[in-house]
Structures are given as structure tokens and as C-alpha cells.
Amino acid sequence: MKTLYIVSTSAYAGKSLASLALDLHLQAKGLQVGYFKPVGNLPQRVGEHLGDEDAAFIAEQVGAAAAPEELCPVLLDERLIAQACAGTLAPLAEKVSAAFRHIAKGKDVVVAGGLGDLARGGLINLAAPAVAGLLGAKALIITRYEGDSS
């Protein structure tokens with residue numbers, strides 16, 4: 001099983017669109033594909049659970065059946081930030097790993113969507129480089145076009 005972690009140098013650079021397009025392309029090639037967003041920041045209530053809005057949308061489009069808390073196990077919200085600042089936050093790596101293992105079961109490829117920019121999530125020890133290592137993923141870094149300097 002292979003994992004591709006789609007991250008970016010800045011927020012709103014097209015990570016979600018790239019993840020969705022890649023998932024659909026790989027499905028069309030006959031591969032069993034999963035989608036995963038280790039850390040989200042767009043809370044959305046799905047039944048009794050909180051999930052990430054982007055993760056729920058992409059999962060719906062690609063037909064990925066997973067509980068919201070497995071699709072996106074960590075939501076970067078005010079409560080989590082407050083716990084991190086107070087030094088009371090429990091480590092989250094195992095929560096991410098367990099959800100990932102469930103999503104990856106039986107898949108040929110898992111496309112994982114990143115959060116904001118490469119450093120976002122660092123406060124909770126889940127910045128892009130740490131997550132890529134945790135998932136054993138190759139990273140595709142997207143940068144928003146802002147002229148020739150991009």
C-alpha cells in the first residue's frame with residue numbers, strides 16, 4: 001500500500017482539489033483508493049460526531065465509507081490549541097496512526113490531505129513533515145501560483 005500526503009506552502013493552494021482529482025483518477029484506473037485527512041480545521045457536525053468539512057466532502061465524492069472521526073481524527077480547534085498551550089494535551093500520534101490503519105485496510109493507495117501550510121499543526125506536534133513520517137508517506141507539495149517567483 002502506498003500513501004501520498006498532499007501538502008502546500010500556503011493555505012488555499014489547491015490541496016483538496018488535488019486530493020479529489022487524484023483519488024478519482026486512481027479509482028478510474030481500477031485501484032482501491034482511500035482518503036484521509038490526519039488534521040482538519042473545518043469542524044462540521046455529522047450526526048453525533050464532529051468531522052472536517054473538506055474530508056467529508058472528498059470522502060463523499062469518492063465513495064469512501066468511514067466515520068468522521070476516522071476520516072479526520074484530529075480537529076485543530078480552540079480547545080485543542082488551549083490544551084497545547086497549557087501543556088495538558090495528550091499525544092495525538094497514536095490516534096492519527098490508528099485511524100490511518102483503519103482507512104488504509106484493503107487499499108492500494110491512500111491519498112492524505114494536508115492542513116494549511118507545512119508548519120500548521122506544529123503546536124500539536126502534527127506539522128506536515130511529522131505527519132508524513134508517521135504515515136510513511138511520500139509528500140506532494142503544492143504551491144499557489146503567484147507569478148514567476150512561485
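- Across Ala13 and Thr143, no two heavy atoms sit closer than the pair CB-C, 4.3 Å.
- Taking SG of Cys72 as the reference point, atom OH of Tyr35 lies at 8.0 Å (rounded to 0.5 Å).
- Atom CD of Gln32 is separated from atom CE of Met1 by 13.0 Å, given to the nearest 0.5 angstrom.
- Side-chain atoms of Leu71 and Phe36, non-hydrogen and from C-beta on, never get closer than 4.5 Å to each other.
- Nearest heavy atom pair, residue Val109 against residue Leu31, reads CG2-CD1, 4.2 Å.
- Note: the hydrophobic cluster containing Leu76 also contains Leu135 (ILVMFWY, side chain heavy atoms under 4.5 Å, direct or indirect links).
- Of the possible polar contacts, one joining the Gln27 side chain to the Val62 backbone as a donor-acceptor pair under 3.5 Å is found.
- Among pairs with a residue in residues 50-71, none fulfils ring pair (Phe, Tyr, Trp, His ring centres under 6.0 Å), at least two apart in sequence or across chains.
- Contacts of His25 classified as side chain to side chain donor-acceptor pair (under 3.5 Å), with partners at least two apart in sequence or in another chain: none.
- Separating the CG atom in Asn125 from the CG atom in Leu134 is a distance of 11.0 Å, to the nearest 0.5 Å.
- The backbone N or O of Ser10 lies less than 3.5 Å from no partner atom in the side chain of Arg144, so there is not a single donor-acceptor pair.
- Note on residues 69-78: pairs passing side chain to side chain donor-acceptor pair (under 3.5 Å), not counting sequence neighbours, are His49-Glu69, Glu70-His102.
- Tracing side-chain contacts under 4.5 Å through hydrophobic residues (I, L, V, M, F, W, Y), one never reaches Leu115 starting from Leu17; they form parts of separate clusters.
- Taking both residues in full, the closest heavy atoms of Ser16 and Ile58 are given as O-CD1, 3.6 Å, listed atom of the first, atom of the second, then distance.
- The minimum heavy-atom distance linking Gly113 with Ser19 is given by the pair CA-OG, 4.0 Å.
- Using a 4.5 Å heavy-atom cutoff, the side chains of Val110 and Val33 are not in contact.
- Lys107 NZ to Thr3 OG1: the interatomic distance, rounded to the nearest 0.5 Å, is 11.5 Å.
- Here salt bridge (Lys or Arg N to Asp or Glu O under 4.0 Å) pairs that include residues 12-30, with residues two or more places apart or in two chains, number zero.
- Contact detail for Ala128 and Val7: the closest heavy-atom pair is CB-CG1, 3.8 Å.
- Residues that satisfy the side chain to side chain donor-acceptor pair (under 3.5 Å) test with Asp117, not counting sequence neighbours, are absent from this structure.
- One finds a salt bridge joining Lys37 and Asp54 here, because a Lys/Arg side-chain nitrogen approaches an Asp/Glu carboxylate oxygen to under 4.0 Å.
- Atom SG of Cys85 and atom CD1 of Ile124 lie 11.5 Å apart (nearest 0.5 Å).
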Compile the donor-acceptor pairs under 3.5 Å between side chains in residues 90-98 and protein atoms, sequence neighbours left out, one pair per line.
from: Glu94; atom 1: OE2; to: Arg101; atom 2: NH2; distance (Å): 2.9
from: Lys95; atom 1: NZ; to: Pro73; atom 2: O; distance (Å): 3.2
from: Ser97; atom 1: OG; to: Ala93; atom 2: O; distance (Å): 3.1

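- Taking every heavy atom of both residues into account, Val131 and Pro38 meet most closely at CG1-CG, 3.6 Å.
- The structure places CD1 of Ile81 at 6.5 Å from CG of Leu123, a figure rounded to the nearest 0.5 Å.
- Proximity of Ile142 to Thr9: side-chain heavy atoms (C-beta onward) are nowhere separated by under 4.5 Å.
- Of the possible polar contacts, none joining the Ser8 side chain to the Gly14 backbone as a donor-acceptor pair under 3.5 Å is found.
- Looking only at side-chain heavy atoms (C-beta outward), Leu4 and Leu22 come within less than 4.5 Å of each other.
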